[in-house]
> 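Sharing a structure below in C-alpha cells format, with a few things to ask.
Proteins come first, then strands; the chains are lettered A, B, ... in the order of their sequence lines, and each starts at number 1. Atoms considered below: every heavy atom in the structure, side chains included; atoms not considered: hydrogens, waters and symmetry mates.
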Protein chains: 2
Amino acid sequence: MKQPVDVVTQDAARIARAISHPVRLQILNELREGGAYVMHLTSVLGRPQANISQHLMVLREAGLVTAIREGMTVLYQISEPEVMAVLDALLILAEKRRTRQQIASGPLPEGDVHHAGRRRRGKCRCPRCRQL
Amino acid sequence: MKQPVDVVTQDAARIARAISHPVRLQILNELREGGAYVMHLTSVLGRPQANISQHLMVLREAGLVTAIREGMTVLYQISEPEVMAVLDALLILAEKRRTRQQIASGPLPEGDVHHAGRRRRGKCRCPRCRQL
DNA sequence: ATACCTTATTCCAAGAATTGAATACAGTAT
DNA sequence: ATACTGTATTCAATTCTTGGAATAAGGTAT
C-alpha cells in the first residue's frame, strides 16, 4: 500500500509532537484506566488548572483524547486504544534506557516504573475520588 | 511550583520530541532495513545535506540512531528495535486516521501535492545504491 | 438575580526549534 | 602539498511552544 506516505508521516509527526511534553505524557498516563476529570489531573499533577487545560487542548486538537461534559465537570478519555499503544511503546523504550543507566551507576530507590514518583494527594474532589 | 516528573517520563518526552518532525520520521523510516548512508537520505528525501545532518544530530542525541564511519561515508542505523516499535505504533495510529478521513471524504486525486517538490529517486551514489 | 464551582480561552514574554548559508572537519585521492 | 568528496558544525533569523495571569464561559445552586 505505497500511498501518500507523506500525509501519514505529517500526521504521525503532529501526534508525536502532541505527546512530546512531560505533563501531557503524565496526563495520558492518568487517563489510562477509564479517563479522568480535569480536577483530578490538576490535583494529581500539581499544576495550575489553566495549564492543565492548555495541555488538554493540545491533546484534543491532536485527536488523542475526547472530552465529555458531565454537568459542571468534564471527563477526559483516551480517544482510541492505538493512542495507548504509542504511549506504551515510548515508555518501554524509555524504561529500558533507565534500566541500563541504573545498572551502570547504581540502583535508585523507586517503585513501579510506570506510576513512579508521584502519589495521590488525597484532596481531590472529582466525582470519582469523592466516591471512595 | 514544579512537581517532580519521574525520569522515565522525562526521557519518554525527549524521545517523542526527537521523533516529532516529519523529516526525522522519514529518516527513521528509511533506516528501517539495515540503515542508510547520509548521502542516501539526502538524495531520497530531497533536502540539503546540512539539514539532514542537523536532523540526524537530533536523533543521535536522543539515542535513537547510531552512526558508523565507513571511510568517507557514514552509515546510520536504528539503535535498538524498540525505537522502531514506537515508530510503528505511531504510523498505525496515523494510518488509521487517514483511512477514516478517506472513507468520509472520498478518495484523493492522483497528483498528490506532497510529492510535488521532491527530488527524484534513483540518482543516489551511496555505497549501497552503487552496488545495484 | 447573586454567589460559587469547574473548565476554557486569550494575551504575552521568555525560551526553544527550525532552516539556509557558510564554514569546518574527515577521508581519499592525485 | 592541493583538490575533491562526504559529513558535521556554527551562526543568525525566523517561527513555534510554553506557562502565568487574567478572564471568560458553562453549570449549579440559593
Side-chain angles (χ1 to χ4, degrees), chain A residues 10 13-27 30-31 35-62 65-77 123-130, chain B residues 1-3 5 10 13-27 30-31 35-62 65-77 117 119 123-130:
Chain A
Q10 287 276 112
R14 281 185 34 246
I15 293 168
R17 183 167 290 282
I19 294 182
S20 71
H21 189 286
V23 170
R24 294 198 287 270
L25 273 172
Q26 286 183 290
I27 288 176
E30 288 292 333
L31 301 187
Y37 294 88
V38 178
M39 190 179 217
H40 183 79
L41 296 171
T42 305
S43 167
V44 162
L45 301 183
R47 319 225 59 192
Q49 175 270 321
N51 188 246
I52 294 290
S53 231
Q54 286 164 345
H55 284 302
L56 283 170
M57 177 165 48
V58 173
L59 292 172
R60 235 187 303 130
E61 282 173 352
V65 303
T66 59
I68 302 170
R69 252 219 126 87
E70 293 184 359
M72 229 172 0
T73 65
V74 177
L75 176 65
Y76 275 84
Q77 289 180 311
K123 59 177 182 179
C124 175
R125 287 163 326 193
C126 81
R128 208 165 276 168
C129 290
R130 267 193 183 286
Chain B
M1 203 195 290
K2 282 218 169 194
Q3 199 55 26
V5 178
Q10 292 227 67
R14 281 183 42 246
I15 292 168
R17 183 168 291 285
I19 294 181
S20 71
H21 189 287
V23 170
R24 295 198 286 271
L25 273 172
Q26 285 183 287
I27 289 176
E30 288 292 332
L31 301 187
Y37 293 89
V38 178
M39 192 180 215
H40 182 79
L41 297 171
T42 304
S43 168
V44 162
L45 302 184
R47 318 224 63 196
Q49 176 270 321
N51 188 248
I52 294 290
S53 232
Q54 286 163 344
H55 285 301
L56 284 171
M57 177 165 49
V58 174
L59 293 173
R60 235 186 304 127
E61 283 173 353
V65 303
T66 59
I68 302 171
R69 253 220 125 84
E70 294 184 358
M72 225 168 9
T73 65
V74 177
L75 176 66
Y76 274 84
Q77 290 179 310
R119 207 181 292 168
K123 59 177 181 183
C124 174
R125 288 165 324 195
C126 81
R128 208 166 275 168
C129 290
R130 269 193 182 287

> Is there a side-chain polar atom (N or O) of B:R125 under 4.0 Å from OP1 or OP2 of D:dG6?
yes

> For A:G35, is there any backbone N or O sitting under 3.5 Å from a side-chain donor or acceptor partner on A:R128?
yes

> In whole angstroms, how far is the C1' atom of D:dT7 from the CG atom of B:L45?
16 Å

> Could you check how far CD1 of A:I27 sits from P of D:dT18, rounded to whole Å?
12 Å

> In whole angstroms, how far is the C1' atom of C:dG27 from the OH atom of B:Y37?
15 Å

> DNA chain D: A:Q49 or B:M39, which has the more 5' nearest nucleotide?
B:M39

> Does B:R24 reach the main-chain N or O of B:A18 with its side chain, forming a donor-acceptor pair under 3.5 Å?
yes

> Return the value, rounded to whole Å, for the distance between atom CD of A:E61 and atom P of C:dA8.
12 Å

> Atom CD1 in B:I15, atom OG in A:S20: separation rounded to 0.5 Å?
11.5 Å

> OG1/A:T73 to CD1/A:I68 distance, rounded to the nearest 0.5 angstrom?
10.5 Å

> Heavy atom of residues 66-77 of chain B under 4.0 Å from DNA chain D: which residues?
B:M72, B:T73, B:V74, B:Y76

> By side chain to side chain contact (heavy atoms under 4.5 Å, CB included), which residues pair with B:R69, not counting sequence neighbours?
B:V74

> Between the protein and nucleotides 11-18 of chain C, are there any N/O to N/O pairs under 3.5 Å, and if so, what are the atom names and distances?
| from | atom 1 | to | atom 2 | distance (Å) |
| --- | --- | --- | --- | --- |
| C:dT18 | OP1 | A:R17 | NH2 | 2.9 |
| C:dT18 | OP1 | B:R24 | NH2 | 3.3 |
| C:dT18 | OP2 | B:R24 | NH1 | 3.3 |
| C:dT18 | OP2 | B:R24 | NH2 | 3.3 |

> Does A:Q26 form a side-chain contact (heavy atoms from CB on, under 4.5 Å) with A:V44? I'd like the steps, not just the answer.
CA-CA 10 Å; A:Q26 286 183 290; A:V44 162; over 6 Å; no

> About how many Å separate CD1 of A:I27 and CD1 of A:I52, when rounded to the nearest 0.5 Å?
4.5 Å

> Tell me if a side-chain donor or acceptor on A:S43 pairs with a main-chain N or O of A:M39 at a distance below 3.5 Å.
no

